[in-house]
Colleague: 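Here it is, the structure in full.
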Amino acid sequence: MLVLERDRVGAGASSRNGGQVLTGLTLDPATLVDRFGEARARQLFDVARESMTRLEGIVLEERIDCDYARTGHIQAAAKAKHFTALQDEQALLARVFNHRVELVPRAEQRSEVGSDAYHGLLLDEQSAAVNPAKYLAGLAAAAARSGAQIVTHAPVTRLDKAAGGWRVTVVGGRAPDTVEAREVLAATDGYTTDVTPELQRRLIPVGSFIIATEPIAARTAAALLPRNRVAFDSKRFLHYYRVTADRRLLFGGRAEFRQPDEHTAERTAEILRADMVRTFPELRDTRVEYSWGGNVAFSRDQMPRAGRLNGLYYSGAYGGHGVAMATYLGEQIARRMAGDRFDHPLFDDDFPRIPLYHGTPWFLPVVGAYYRVKDWLQ
């Protein structure tokens, strides 16, 4: 197996995400039930759980040192009525998905998060935290031990169908200029280009941005997240955060919905720092030492997928929930490429195009404004 990597391994979100391994999917449980019905929704939710179990198994089997821990996650109610919605979600999760979560009222929430910005919490003990860069490095090493050849800085510039498979044109790296392949998997997600135009018309890249503080005192870190869980809030323009192994607060969010420019990193870092201080005022004088951003990818219906389009295999559209799902779906589609024949609820060979879209998400500012209004009204 040959892996052609456009940059270094993990240059995108694979190594630079928030390190949250969460139960469920991008769509909330109620939306899953409304859209797919209870039986199908339960099946999809179970797939997400299976992806977490598989990631954990790989970490143990390959002995990957990546700070993996079943920390549990906190979903923080940004408004009082959001806590009411979390109460409904708790009941739905138990009834339809056989998944137990706890609720923490606002009066008791400082036992879990050191902030008065919220109106109660939902606590899910099954979620986990991981250092994504260390996990990815371990995963790449495991692939190499299994016989994969990984060539970095080798962007694919052209894909052509050829007798018996594909002709892959490559620029740079240690790969030959042209590679003949029986099967090709496009695993480009938020960095899909016009090399694969059919896939590009189905995946929407959306920026996600993160800041990391200087190391903070152990006492301060314990006050922010007393049980060291991963956390996110209930807004559409949400924030997510956790304390890292070296006691930095990693704080991320969408920050903005627009095409990036030369000032994006600086602008989004300022936005996130202000949001972090509103959440945790005691960090007002804490320095931000790192900031970065990159793309995640969404499908039109916010569901992940894997399958085959015009002979090309693909996997993507993880919607910000890709730490476990990308590993899991990649393994499932690899089985299919190897000749296994089986059905899977996330396989889709008829993945529909997005109307009036050719890969440049011109509509993101409108979507961002819509979500901000919804956060304000709801």
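The structure displayed is predicted, hence computed values, not measured ones. Along the sequence shown, the residues carry numbers beginning at 1.
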Colleague: Would you compute the distance between atom CE of Met276 and atom CZ of Arg284 and round it to the nearest 0.5 angstrom?
Modeller: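 Between atom CE of Met276 and atom CZ of Arg284 there are 10.5 Å.
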
Colleague: Work out which heavy atom in Arg182 is nearest to a heavy atom in Trp166; give both atom names and the distance.
Modeller: O-CD1, 3.9 Å

Colleague: What's the spacing between Thr157 OG1 and Asp194 CG if we round to 0.5 Å?
Modeller: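 Between atom OG1 of Thr157 and atom CG of Asp194 there are 10.5 Å.
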
Colleague: Leu225 and Ala231: which non-hydrogen atoms are nearest, and at how many Å?
Modeller: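 In terms of heavy atoms, the two residues are closest at CD2-CB, 4.3 Å.
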
Colleague: Take the angle between the ring planes of His344 and Phe347 and call it parallel below 30°, perpendicular above 60°, tilted in between.
Modeller: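 Rings of His344 and Phe347: tilted, 30 to 60°.
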
Colleague: Under 3.5 Å, is there a donor-acceptor pair between the side chain of Ser299 and the main chain of Pro304?
Modeller: no

Colleague: Check whether the ring centres of Phe280 and Phe251 lie less than 6.0 Å apart, and answer yes or no.
Modeller: no

Colleague: Counting C-beta onward and ignoring hydrogens, is there a side-chain heavy-atom pair between Leu224 and Ile216 closer than 4.5 Å?
Modeller: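 Heavy-atom side-chain distance check passes, below 4.5 Å.
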
Colleague: Quick one: CG on Leu44 to CG on Leu346, what's the gap to the nearest 0.5 Å?
Modeller: 6.0 Å

Colleague: Listing request: all side chain to side chain donor-acceptor pair (under 3.5 Å) pairs with a residue in residues 47-62, at least two apart in sequence or in separate chains.
Modeller: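 As it turns out, the side chain to side chain donor-acceptor pair (under 3.5 Å) pairs with a partner in residues 47-62, which skip direct neighbours, are Asp46-Arg49, Arg49-His99, Glu50-Tyr328, Arg54-Glu61, Arg54-Glu331, Glu56-Tyr68, Glu56-Arg70, Glu62-Arg145.
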
Colleague: Which heavy atom in Pro155 sits nearest to a heavy atom in Val171, and how many Å separate them?
Modeller: CD-O, 2.9 Å

Colleague: Is any side-chain heavy atom of Val230 closer than 4.5 Å to a side-chain heavy atom of Leu22?
Modeller: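 With C-beta onward as the side chain, the pair touches.
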
Colleague: Counting N and O atoms only, with roles assigned by atom type, does the side chain of Tyr318 sit under 3.5 Å from a partner on the main chain of Val296, one being a donor and the other an acceptor?
Modeller: no

Colleague: Running the 4.5 Å side-chain criterion over Ile, Leu, Val, Met, Phe, Trp and Tyr, what cluster does Leu86 land in, apart from itself?
Modeller: Val33, Phe45, Phe83, Leu92, Leu93, Val96, Phe97, Val101, Leu103, Leu122

Colleague: Tell me, please, which residues at least two apart from His119 pass side-chain hydrogen bond (donor to acceptor under 3.5 Å, both in side chains).
Modeller: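 Expected list: Arg106.
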
Colleague: Enumerate donor-acceptor pairs with a distance under 3.5 Å from any side-chain N or O in residues 207-214 to protein atoms, sequence neighbours excluded.
Modeller:
unit_1 : atom_1 : unit_2 : atom_2 : d
Ser208 : OG     : Tyr240 : OH     : 2.9
Ser208 : OG     : Arg254 : NH1    : 2.9
Thr213 : OG1    : Leu249 : N      : 3.0
Glu214 : OE1    : Arg287 : NH2    : 3.1
Glu214 : OE2    : Arg287 : N      : 2.8

Colleague: Looking at every non-hydrogen atom in both residues, tell me the closest pair between Gly253 and Leu272 and how far apart they are.
Modeller: N-CD2, 3.8 Å

Colleague: Heavy atoms only: give me the nearest Val9-Ile150 pair and the separation to one decimal.
Modeller: CG2-CG2, 3.7 Å

Colleague: Determine whether Arg229 and Leu123 satisfy the following criterion, side-chain contact (heavy atoms from CB on, under 4.5 Å), listing intermediate values before the conclusion.
Modeller: CA-CA 9 Å; Arg229 304 194 194 278; Leu123 172 60; 3.1 Å; yes

Colleague: Taking side chain to side chain contact (heavy atoms under 4.5 Å, CB included) as the test, write out the residues that go with Arg308, two or more places apart.
Modeller: Glu183, Tyr313, Arg336, Asp349

Colleague: Hey, is the main chain of Leu136 close enough, under 3.5 Å, to the side chain of Ser15 for a donor-acceptor pair?
Modeller: no

Colleague: Quick one: name the residues clustered hydrophobically with Tyr314, using the 4.5 Å side-chain heavy-atom rule over I, L, V, M, F, W, Y, and just say none if it's on its own.
Modeller: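 Taking Ile, Leu, Val, Met, Phe, Trp and Tyr as members, Tyr314 shares its hydrophobic cluster with Leu199, Leu203, Leu309, Phe351.
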
